[in-house]
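Scope of the values below: all heavy atoms of this structure, side chains included, with no hydrogens, waters or symmetry mates.
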Number of protein chains: 2
Amino acid sequence: MPKQNTYTMRDVARLAGVSVSTVSAVVNQKGIVSPELTERVQRAIEAMGFRPHAGARGLRLGRTHIIGMVLQDITNPFFVEVMRGVEDEAIKNGYEIIVCNSNGQAELEQKHLNALYTQRVDAILLAPCDSYAARDVMVGNHAPLVFMDCVPMRAEVLSVVTDNFAASFEATRYLLELGHRKIAVISGRGVHSTSMDRVEGFRHAMEEAHIPILGDHLRHGVSNIESGYEIGLSLLQSSDPPTAIFALNNRMTLGILQALRELKIPCPEQVSVLGFDDFDWAAVSDPPLSAIAQPTDEIGRRAVELALGAIRAGEEGAKVGNRQVLLKSSLRIRKSTGPPPKALGEKSHRTVKSETVTAPQS
Amino acid sequence: MPKQNTYTMRDVARLAGVSVSTVSAVVNQKGIVSPELTERVQRAIEAMGFRPHAGARGLRLGRTHIIGMVLQDITNPFFVEVMRGVEDEAIKNGYEIIVCNSNGQAELEQKHLNALYTQRVDAILLAPCDSYAARDVMVGNHAPLVFMDCVPMRAEVLSVVTDNFAASFEATRYLLELGHRKIAVISGRGVHSTSMDRVEGFRHAMEEAHIPILGDHLRHGVSNIESGYEIGLSLLQSSDPPTAIFALNNRMTLGILQALRELKIPCPEQVSVLGFDDFDWAAVSDPPLSAIAQPTDEIGRRAVELALGAIRAGEEGAKVGNRQVLLKSSLRIRKSTGPPPKALGEKSHRTVKSETVTAPQS
DNA sequence: TCATATCATCGAACCGTTTCGAACCTTGAT
DNA sequence: ATCAAGGTTCGAAACGGTTCGATGATATGA
């Protein structure tokens, strides 16, 4: 006996003394129903606590009003803020969202994508584990697919990302201006367009300044605290340690800070640290962290906008154009960055907020 | 033309030269189908990339295999970790989850609950804005409702919570043992059983030690950084400041740390800080934060277990028993707590992990 | 008074599954 | 050769909505 106190339109119709189609018309405010019947139907709905069955409606309409989302790492504040943006924009448009966590595992990601297709979600928002996703092929024909925080290799696609190249370029220039010459960069696995663009931005700025990148000052690890910590120790204990460390993701940044603390190396006096991704806690870390802030919730909102556009286009049989939305980041300078030890330049702590300048979108 | 390359069982049946019901039997591995037909059907499914339509199945079965979840604050790491536990356990049992963020607003929470009912989710997991929820009345008859991180006023209900009273009691005792006598407590709005239990645990420990609670040393604010910061300033600048501050939630803890930093008050030398809720970043705050850690993902997992049990019970027509799961927390002592200034007791920094002892569950 | 146009309401088919009883085909026993 | 039993396969109804063409009622004009 699965049906409990749940009523159907038929029940409402019976109570109101009208036909089912009239109830439907009232519920959806479609077609013309006399004020009298409208009144009667509404009263019946109220009395029974009737709510339409989304599944049945979805079956008939071919649209579920659900958007699926698969995130690489749900415990990372960056993705949580993106999710929040998605939530806001979705609810504003009458959509629910199903959230899945791929936990960095490509197979799990694929499993989730399949499950979302089974649910016949109207669109899928994906922050993938890597950029080599063949996923669009499998799923892209069934529902619009929007990539977040990643531009997949095959470019004919919808995506929303921060301009990582520009952000990294700008940040590196800032460190160079402070007088740093030995700058180390640590990044996660290089299978992600995001990581690659950030590394490229760094490279480009260094080349432009004609500063060589020391052999072991470009390190790859995995995006977690431990990896950051280990690479940090290794860098700082090397024979020729950097004067500044630029960590390309928030987890690894924390690892670096731990390594500094453990080695009792004063920051920023001896070594500066610059992080990618800003978050609440950055302000109370020791020292307060200078970092690149991405427009996280805007990423989420824009992704939903793209998805909704594609859904509408699909309904009208129109081809969905490929759109890459590119957003600006901003540099939040706090206390973890300053001039290198020997340099006698201006006193450290700037508090200006500079913004990377990029094309708004294409 | 909403249907694209999406095939139905009818299509599969036609291609395999069998009836729809046979396809269904194969898909669900139910009934007896000869090896030969099974083979043919599977080949057809493979060839067409067929996936059953969850909505249609749900309509027929009266079960969607979706669990709905409404969270008070999706940006709080505590709830994110709970969510992760929910995700893990749900996927393990073949359920999807719809996540909603009520953002602390009761009306929005209600809106989400209604939407989830419309979706006919099989169960609802709720971390409510306040404990005075009349929500179970509206929704509880349609689908099992499990409260997380909160025991609602009306007790005949399913819930999973940390034993907040015990946690707070234990933590207060720890501060008392260090020699503190002037302990201030700051908490969020008192509309939540969680807050209230924590305050009570504190009160109880103080009474037991026959230490009076100073008039303005019990403060209520809202659960965010700013509120913690303001209360922190006010406490620390008062004529008779506390030697220890016990913050009952993670947001306000950060505010306290900011206030200390701004006033240049050394912690823990002059004032100790103890937080509720542990998280990654706590270890790299300045100073590393002593805090009570809740078994976050276990809360999520147990909530799903309860929900699944209730779903099964409901199917068999059995009454769903009321169950309150009570979980243990643990005290993680780092560097932000130590003996009060004048006390000459043992050197600060203990690193023991003590666990609050409570009844495992009822 | 009758044909016609307009408007409100209704009935039934359909969306993609599951399920249950009926129909069919073997096989073995009489 | 006939029948019963047992095992596979099939057909059709149901789930709860939406939609479209048909129907009935009412008003309009000649």
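Contacts of B:Val27 with the nucleic acid, taken as non-hydrogen atoms under 4.0 Å apart, are absent. Heavy atoms of B:Ser34 sit under 4.0 angstrom from primed sugar atoms or phosphate atoms, though from no base atom.
Distance, A:Arg10 CZ to D:dT18 P: 12 Å, rounded to whole Å. Between the NE2 atom of A:His53 and the P atom of C:dC14 there is a distance of 22 Å, rounded to whole Å. Between B:Leu59 atom CG and C:dT19 atom P the separation is 13 Å, expressed in whole Å. Note: CG (A:Leu37) to P (C:dC7) measures 17 Å, nearest angstrom. As rounded to whole Å, 16 Å separates atom P of D:dA25 from atom CD of A:Glu36. C:dT17 atom P lies 21 Å from atom CZ of B:Arg120, rounded to whole Å. Following rounding to the nearest Å, A:His65 (NE2) and D:dG17 (P) show an atom-to-atom distance of 16 Å. The interatomic distance linking A:Met9 (CE) with D:dG17 (P) rounds to 6 Å, in whole Å.
Between the side chain of B:Ser19 and the base of D:dG11, no donor-acceptor pair under 3.5 Å is found. At a cut-off of 3.5 angstrom, the base of D:dT18 holds at least one donor-acceptor pair with the side chain of A:Arg60.
Taking only side-chain nitrogens and oxygens, B:Thr22 comes nearer than 4.0 Å to OP1 or OP2 of D:dC10. Close to D:dT19, at under 4.0 Å from its OP1 or OP2, lies a side-chain N or O of A:Lys30.
Among D:dC20, C:dG16, D:dG17, the nucleotide with an atom closest to any side-chain atom of A:Ser21 is D:dC20. Of all nucleotides listed (C:dT17, D:dC10, C:dC15), D:dC10 comes nearest to the side chain of B:Val18.
Between the side chains of A:Thr22 and A:Ser19, at least one donor N or O sits under 3.5 Å from an acceptor N or O.
Annotation: side chain of A:Leu126 is not in contact with side chain of A:Met148 (no heavy-atom distance under 4.5 Å). You'll find the side chain of A:Asp149 stays beyond 4.5 Å of the side chain of A:Ile299, heavy atoms only. Residues A:Asn76 and A:Ile74 fail the side-chain proximity criterion, which asks for heavy atoms closer than 4.5 Å.
Side-chain N or O atoms of A:His53 include none that pairs as donor or acceptor with a backbone N or O of B:Gln119 at under 3.5 Å.
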